[in-house]
Amino acid sequence: MDGPEVLAVPEAVARPARPAAPAGRLARWLLEHRVQPVGPGAAEEHATPQAWWKVMCLTGVDYFSTLAYLPGIAALVAGALSPVATLLIVALTLLGMLPMYRRVARESPHGQGSVAMLEHLLPFWRGKAFVLVLLGFVVTSWIITITLSAADASVHVLESPFFPAALHGHAVALTTFLLLVLGGVFLMGFSEAVSVAIPLVAVFLALNAVVVVDGLAAIFTGGGTWSAWWDAVTAGRGGITGIVGPAVLAFPLLVLGLSGFETGVSMMPLVAATGRNPEERLRSRIRNTRKLLAGAALIMSVYLISTSFVTAVLIPPQEFQAGGQANGRALAYLAHARFGEAFGTAYDISTILILWFAGASAMAGLINIVPRYLPSYGMAPEWGRAVRPVVLVYTAIAIVITLAFRADVNAQAGAYATGILAMMVSGAVAVTLSAVRHRQRGAATGFGILALILVYALVANVIEKPDGIAISAMFILGIVVVSLVSRVSRTTELRVERIEFDQQARRFINDSLRQDRALNIIANKRQAGDGAEYATKELEQRGMNPVPGVASVLFLEVEIDDPSRFSEVLHVRGVEVEGYRVLRLASPAAPNAIAAVLLALRDATGIRPHCYFEWSEGSPLLHLFRYLLLGQGDTPPVVREIIRKVEPDPARRPGIHVGG
């Protein structure tokens, strides 16, 4: 009895000519950890997963550090009503932002956030352009978070009597130094960043708890402070409307205290999970990320309410104004005033350290989300997936921005607010559309209201600080330009992950090899797809190209699916049409797919295939633009160029024959 048929080509062939490993020790170190592409099977190999509460501390260095200045801002813009304004923020946090990002975590469990949810709304190049704009806001908010936090830490250093007076006038140099140290921590590794974040968050929250408990005790045992504050709240307000109205007007300036949610979602791949298979581990990661988001939201809500209350009641209003001792540092003022210089200095140092490291959560977010998109789109070099080179690039950009803005906190505040609010709006729109798609009327209504609230905050911020949208536009323009240059420079790469052949395609290849130990392939752009088309095509090719007279031929057809994509797995199907054997596949670009299939056949069979084309009519320049935008043009020369770049030995290159 005959055994199963042995086919020359396996079901899957690895990408031909895999990239060579880096030769030098430095290069190997730089490229050691890589962020994997977005996808259900994506592995998070660039860092060791950590417990959810540890990752919460890394997001918390940004989220919780806002306590250093948010109570002061609330008191400055809302006066005695700052606790009421803060209550609105807490309500928005627990009733709006937390449910929103819990849903984002469920629907984009690999850390892509609302960018991935919105990516599929628009097809082809429009979708890619949309993602680039969103990434522009992401980069704006997180890069400015890094520079703003470091600059704010420098301000606290220069204002503290604990540090030498010689530092005064050197804010730019000090901020640059802090950025270099931050980048150095991430060059060592993600685990090291988490190890730094945990004690910084723990100490900072503990010191704030001491200040809050002492303040509450003073308020409720001191007698006069409570009544004085309540008189200030109710005096001349005209009822509940007079109290809530000013708080609502102050709301847009305080919504920035919600900045930790987006970074929390972006770090999902770094949250440890358990399970017996990938599906169980993914569900576990979603659950643990939701714990992270809920834990951070609850902790921050308690601190926001308590800190705004004690600062509004205990600090004289004039101290919040420009030049006042509580301006931008309300809790530090209480720490010094109520506990003395030793405790106050410890509080200052803790604040400086957490503000400096607040950029760490933004850096981690940038590492996890941007490399998942741009290299996959062909809009960044392949080394853009590697963590350490990306850290170096982001650190360099942060230093340039620091020099450009002279480490001025106020000059960067507009861009920071614009980027953060744009990301929140995109998240709210994404979950609203998701709820509508799933016909969840209540959720759609609630998320729609949240989206309108965040749009109001964004518009109010842009009107108040229009320079922010201008800076964001510069980041978006920079990303678009770099992306286009990279896409053009990478068009002749192989652009394939692997090639899979179905059973019929493998049999066709076997039959051709059995007949004459050769592979003669005719490239065809399918029209009618009937027997007459293939008969005419074969006759033409035998007349214009050196197809051996008795050779068995296969037809190869590439259908362009989404030319805006850069690379994917190629699935080759065998189809028989009236006795003619056809290999069909879909790909973003025809020349790259043909080159990949020819090289895969060579590697799998050991036979050098020959492929036959005819010249295309029309302008070469027009064909170039059609190839860049639509994935097809004057195919033969591009196929040959791709093969030439992949295979340095001319004797091993598949033969490319063009006639007509």
Side-chain angles (χ1 to χ4, degrees), residues 15-20 31 34-35 37-38 115 119 122-136 138-139 369-386 389-390 393-394 396-397 473-497 558-568 570 586-599 613 615-616 618-648 656:
R15 172 184 172 181
R18 304 296 298 180
L31 302 176
R34 290 175 177 265
V35 177
V38 174
V115 176
E119 179 185 13
L122 296 173
F124 304 114
W125 287 108
R126 285 177 293 168
K128 301 299 184 292
F130 187 58
V131 169
L132 291 182
V133 172
L134 287 180
L135 289 180
V138 169
V139 173
I369 192 168
V370 177
R372 292 183 181 273
Y373 285 96
L374 295 187
S376 298
Y377 291 173
M379 293 178 175
E382 187 60 26
W383 58 259
R385 297 189 194 279
V390 166
V393 170
Y394 292 148
I397 294 173
M474 291 175 60
F475 273 99
I476 293 170
L477 179 62
I479 284 181
V480 170
V481 170
V482 170
S483 297
L484 292 179
V485 170
S486 177
R487 180 73 185 229
V488 170
S489 67
R490 297 187 64 190
T491 50
T492 55
E493 290 183 11
L494 207 52
R495 295 171 57 176
V496 63
E497 296 171 27
V558 179
E559 178 183 350
I560 304 302
D561 49 8
D562 180 359
S564 65
R565 291 180 60 83
F566 188 71
S567 66
E568 59 185 17
L570 298 183
S587 172
N592 309 72
I594 293 172
V597 171
L598 294 177
L599 289 166
F613 301 84
W615 290 111
S616 302
S619 165
L621 189 59
L622 179 61
H623 283 308
L624 173 63
F625 280 111
R626 290 184 70 238
Y627 170 56
L628 293 175
L629 295 177
L630 303 177
Q632 55 189 336
D634 195 5
T635 301
V638 183
V639 172
R640 185 188 182 281
E641 176 60 17
I642 294 170
I643 292 175
R644 187 191 67 81
K645 290 179 66 175
V646 173
E647 177 52 71
I656 304 298

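Across I560 and P588, no two heavy atoms sit closer than the pair CG2-O, 3.8 Å. Residues I643 and A595 share a closest heavy-atom pair of CG1-CB, 3.8 Å. Smallest separation of non-hydrogen atoms from R490 and R495: O-CD, 4.1 Å. In this structure, G136 and I479 approach most closely via the heavy-atom pair CA-CD1, 3.6 Å.
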Verify side-chain contact (heavy atoms from CB on, under 4.5 Å) between I594 and F613, making sure each step is shown before the conclusion.
CA-CA 11 Å; I594 293 172; F613 301 84; 4.0 Å; yes
Given the rule in the side-chain contact (heavy atoms from CB on, under 4.5 Å) test, do L598 and I656 qualify, once you have shown the distances and angles that lead to the verdict?
CA-CA 10 Å; L598 294 177; I656 304 298; 3.8 Å; yes
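To the nearest 0.5 angstrom, L132 atom CG is 4.5 Å from S483 atom OG. The structure places CD of E493 at 6.5 Å from NZ of K645, a figure rounded to the nearest 0.5 Å. Between E497 atom CD and L570 atom CG the span is 9.0 Å, to the nearest 0.5 Å. Distance check, rounded to the nearest 0.5 Å: CG of L494 to CG of L599 gives 6.0 Å. Atoms CD and OG, on E559 and S587 in that order, are 10.5 Å from each other to the nearest 0.5 Å. For the atom pair OG1 (T635) and CZ (R640), the distance works out to 15.5 Å, reported to the nearest 0.5 Å.
Within the 4.5 Å cutoff, side-chain heavy atoms of W615 are placed close to those of P637.
Of the possible polar contacts, one joining the N592 side chain to the T491 backbone as a donor-acceptor pair under 3.5 Å is found.
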